[in-house]
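Within every chain, numbering begins at 1; the chains are lettered A, B, ... in the order of the sequence lines, protein sequences first and strands thereafter. Source: prediction; values computed, not measured.
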Protein chains: 2
Amino acid sequence: MKSDTLIHADATDRLVRKLRVRDLLSDEEERALAASVSEVRTFGPGETLVRAGVAVSECNLLVEGMVCRYKDLADGQRQILELHVPGDFVDLHSFLLKRLEHNIGSLTPVRIAFVPHEAMKRVTEEHPHLARMLWFSTLLDAAIHREWILSMGRRTALARIAHILCELFVRMQVVGLATERGYSLPLTQADLADATGLTPVHVNRMLKKLRDDDLLTFRGGDVVVHDWERLRRTAEFSPAYLFLERRPR
Amino acid sequence: MKSDTLIHADATDRLVRKLRVRDLLSDEEERALAASVSEVRTFGPGETLVRAGVAVSECNLLVEGMVCRYKDLADGQRQILELHVPGDFVDLHSFLLKRLEHNIGSLTPVRIAFVPHEAMKRVTEEHPHLARMLWFSTLLDAAIHREWILSMGRRTALARIAHILCELFVRMQVVGLATERGYSLPLTQADLADATGLTPVHVNRMLKKLRDDDLLTFRGGDVVVHDWERLRRTAEFSPAYLFLERRPR
DNA sequence: CGTTCGATTGAGTTATCTCAATAGGCGTGG
DNA sequence: CCACGCCTATTGAGATAACTCAATCGAACG
């Protein structure tokens, strides 16, 4: 094993964990994944990591911190399209798309592992099953997108916020970053507004309602779930769209 | 060439057309695609083709007509997640997901080509480049989802409707089903409401406004574009997210 | 030719937004 | 150590985009 493989092995830990929830990943595949990381770098909060339309030649794997994909409208309105937790291969799709149609930005200080597209090509060609697992994880992003469309289209502001906080709870649990009671979510209410298509003021009122109803507290970057059952019902949250079971075969 | 390959060759025509807009597809790959179709069947309008949560063993390729993916909320509200035009490999993702988390339903009479998952596995393993193109087309769906999230989150009702009609115009053009002036869109205003997260009544008013402003007419299942430039601006539509250029290499 | 389904319009309601003001935390510089 | 400024959270009050309910109308269809 080459030494730089060792150096970056921890970079893929949470990704591996996430993949293993859904499928069997061999040790060889795990090593191939770790070996494909060329570099790990840190960035400050509020930085744009990938800009829409610019050709990219490597994929970003989030190791630590929180990033989002977003688009802006001409009048300055922002919409967050997805929130990413450690272990997410944020722009895996840039491998085939070559450029992204949206931006990727850090919401906190982050550590990012880079995987060059050449390494992606090599690893997917040498490991067809791993390639399918990576394909799968882009399909998971699409499934999350669809649930968000449902939220934005048909859920009330309260349910929308409850839903996104449920989703993140589960996704954080998968990568071992949540306890039974809650998780760390270093977002501002304005960020949450951009993610839910609401205004910060309204987000504030809905959070107050969730607090007053004793469902959940979101304060100082921490989510504490008080009543998971009622929260789930309020959000009409069902984790089926996160495909948390092992695929057949 | 086997005769059943010949029988179903037309089934993949529009898909091939769509793929060739984005990448080079060899004749051999085209034949492999056509050969993977096991059967072509017709369905009436309003049928559920794939139900959420049920294990599936084949992919649906839309040959003719219009289908949508949708989810329902407990109170009966429906959200359409994506509209599909001929040539769309509607549930290509079922190949890896094994079950879908949403439903697929026909909006019109449709012709569907079936591709068994075994055939998918064979063709993707034997043709890695074709596999990447299919992966790519699932990424395209995700990009469309993201644009919808932006629409639902931040665009006004008028812009949202204008935008979806712009998108379908371009997508219909790609598969040769639109003229310079417009295209056939066999949806009711209620369908359009379910796709945009609005009420039918409000959709009606916004369509009237688009008509009154002389941007576009949607009547009797036909979209006629009167002023593309102003329509584009109203929707803030830019086709970048549809990746209409050839990928590099 | 009655029935059904989709489109259209009016009138009143409401969820969410906008504007605005206040308050709390936190880092920086004097 | 205090004062200032900045960012985020909070709350109030009024505005508005979109919704609900309800009625009418037209076309398709058996």
Going 5' to 3' through nucleotides 4-10 of chain C, assign each nucleotide B (protein heavy atom under 4.0 Å from a base atom), S (under 4.0 Å only from sugar-phosphate atoms) or - (no protein heavy atom that close). ---SBBB
Expressed in angstrom and rounded to an integer, what is the separation of A:Lys209 atom NZ from D:dT11 atom C1'? 17 Å
Here the distance between atom C1' of C:dA15 and atom CZ of A:Arg155, to the nearest Å, is 17 Å
Under 4.0 Å, counting only non-hydrogen atoms across every strand here, what does B:Gly220 touch: a base, just sugar-phosphate, or nothing? nothing
With no hydrogens and no angle check, just 3.5 Å: does a side-chain donor-acceptor pair link A:His226 and A:Arg211? no
Please report, to 0.1 Å, the donor-acceptor pairs under 3.5 Å made by any side chain of residues 40-56 of chain B, with sequence neighbours excluded.
from, atom 1, to, atom 2, distance (Å)
B:Glu47, OE2, B:Gly44, N, 2.8
B:Thr48, OG1, B:Tyr70, OH, 3.3

Which pairs, with at least one residue in residues 147-172 of chain A and sequence neighbours excluded, count as a ring pair (Phe, Tyr, Trp, His ring centres under 6.0 Å)? A:His163-A:Phe237, A:His163-A:Tyr241, A:Phe169-A:Tyr183, A:Phe169-A:Trp228
Rounding to an integer number of Å, can you tell me how far B:Met152 CE sits from D:dA18 P? 12 Å
Can you check the B:Leu158 CG to D:dT16 C1' distance for me, whole Å? 16 Å
For A:Gly197, answer base if it contacts any base atom (sugar-phosphate contacts may also be present), sugar-phosphate if it contacts only those atoms, and nothing otherwise; contact means non-hydrogen atoms under 4.0 Å. sugar-phosphate
Salt bridge check: are A:Asp72 and B:Arg154 linked by an N-O gap of less than 4.0 Å? no
Interatomic distance, B:Leu198 CG vs D:dA17 P [rounded to whole Å]: 14 Å
Nearest-Å distance for atom pair NE2/C1', residues A:His202 and D:dA18: 13 Å
Counting C-beta onward and ignoring hydrogens, is there a side-chain heavy-atom pair between A:Met66 and A:Val85 closer than 4.5 Å? yes
Heavy-atom distance under 4.5 Å between the side chains of A:Lys71 and A:Asn103, does that happen here? no
